[in-house]
Amino acid sequence: MRIGELSERTNTSRRLLRYYEEQGLIISDRCANGYRNYDDRLVDRVLQIRGLLDAGLPTRIIKQILPCLDKPRNIYFPDATPEMIATLEHERDRMTERINCLTRNRDAIADYLDAVLVRRDNRPHAAAEASTTS
DNA sequence: TTTCTTACA
DNA sequence: TGTAAGTA
């Protein structure tokens, strides 16, 4: 498929797809006219890259660990250099920290929402609620 | 019409 | 990342 289709299927701009390729995150072959041609499997790969990017990983790290995250991973794991292990452990911890941070902020927002909504429900104009309660 | 590259914000 | 220009 050409870049336009991959773009639609992954909800990723053409600009970004070319950038990912430039960073070595994905590859493509070229048609006679110079147009990029992508394998169907790139759809999942791009989605995975976006997920990693959302998780806060920089593209240079993603480029390193992407091959470690491929499907038939557990069977063959020859890509376990000490450096790679260290990188993965570091990123794993970073993600955990990020998750904790997100959790705290989500809870803070949830608490605020609860307080605001409860107060609103207890207001006098809430006739139904008031009569039922008293 | 779609894609390409390069360059600027 | 988006957008513009000039092509093929």
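Per chain, numbering begins at 1; letters A, B, ... match sequence-line order.
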(message) Count I, L, V, M, F, W, Y as connected when their side-chain heavy atoms are under 4.5 Å apart, and connections chain through other members. Are A:M1 and A:I27 then in the same cluster?
(response) no

(message) Here's a test for you: under side-chain contact (heavy atoms from CB on, under 4.5 Å), which of A:L16, A:L57, A:I26 qualifies with A:I49?
(response) A:I26

Contact between [X] and [Y] at the side-chain level, heavy atoms closer than 4.5 Å - yes or no?
{"X": "A:T10", "Y": "A:R50", "value": "no"}
{"X": "A:I62", "Y": "A:Q48", "value": "no"}
{"X": "A:L6", "Y": "A:R45", "value": "no"}
{"X": "A:Y20", "Y": "A:L53", "value": "yes"}

(request) Looking only at side-chain atoms of A:Y19, point me to the closest of C:dT1, C:dG2, B:dT3. (result) C:dT1

(message) The side chain of A:S13 is closest to which nucleotide in this list: B:dT3, C:dT1, C:dG2?
(response)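 Closest nucleotide to the A:S13 side chain: C:dG2.
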
Given [N], is OP1 or OP2 found less than 4.0 Å from the side-chain N or O atoms of [X]?
{"X": "A:R50", "N": "C:dT1", "answer": "yes"}
{"X": "A:Y35", "N": "C:dT7", "answer": "no"}
{"X": "A:R14", "N": "B:dT3", "answer": "yes"}

Between [N] atom [atom2] and [X] atom [atom1], what is the distance in whole Å?
{"X": "A:R36", "N": "C:dA8", "atom1": "CZ", "atom2": "P", "result": "17 Å"}
{"X": "A:L25", "N": "C:dT1", "atom1": "CG", "atom2": "C1'", "result": "15 Å"}
{"X": "A:R30", "N": "B:dT5", "atom1": "CZ", "atom2": "C1'", "result": "9 Å"}
{"X": "A:Q23", "N": "C:dT1", "atom1": "CD", "atom2": "P", "result": "12 Å"}
{"X": "A:E8", "N": "B:dT2", "atom1": "CD", "atom2": "P", "result": "9 Å"}
{"X": "A:E22", "N": "C:dG2", "atom1": "CD", "atom2": "P", "result": "15 Å"}
{"X": "A:E5", "N": "B:dT1", "atom1": "CD", "atom2": "P", "result": "19 Å"}
{"X": "A:R2", "N": "B:dT1", "atom1": "CZ", "atom2": "P", "result": "14 Å"}

(request) Ignoring hydrogens and angles, answer whether the base of C:dT1 and the side-chain atoms of A:R15 contain a donor-acceptor pair closer than 3.5 Å. (result)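 For A:R15, whose side chain was compared with the base of C:dT1, there is a donor-acceptor pair (under 3.5 Å).
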
(request) Please work out the stems of DNA chain B from pairs that are Watson-Crick or G-U wobble with both distances under 3.5 Å, keeping only runs of three or more consecutive pairs. (result)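 Runs of three or more consecutive pairs: B:4-9 with C:1-6.
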
(request) Let me know, please, whether A:N33 or A:L16 comes out on the 5' side of the other along DNA chain C by nearest nucleotide. (result) A:L16

(message) Tell me whether A:R119 at atom CZ has more than 12 heavy atoms from other residues, nucleotides or ligands lying less than 6.0 Å away.
(response)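 No, not enclosed.
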
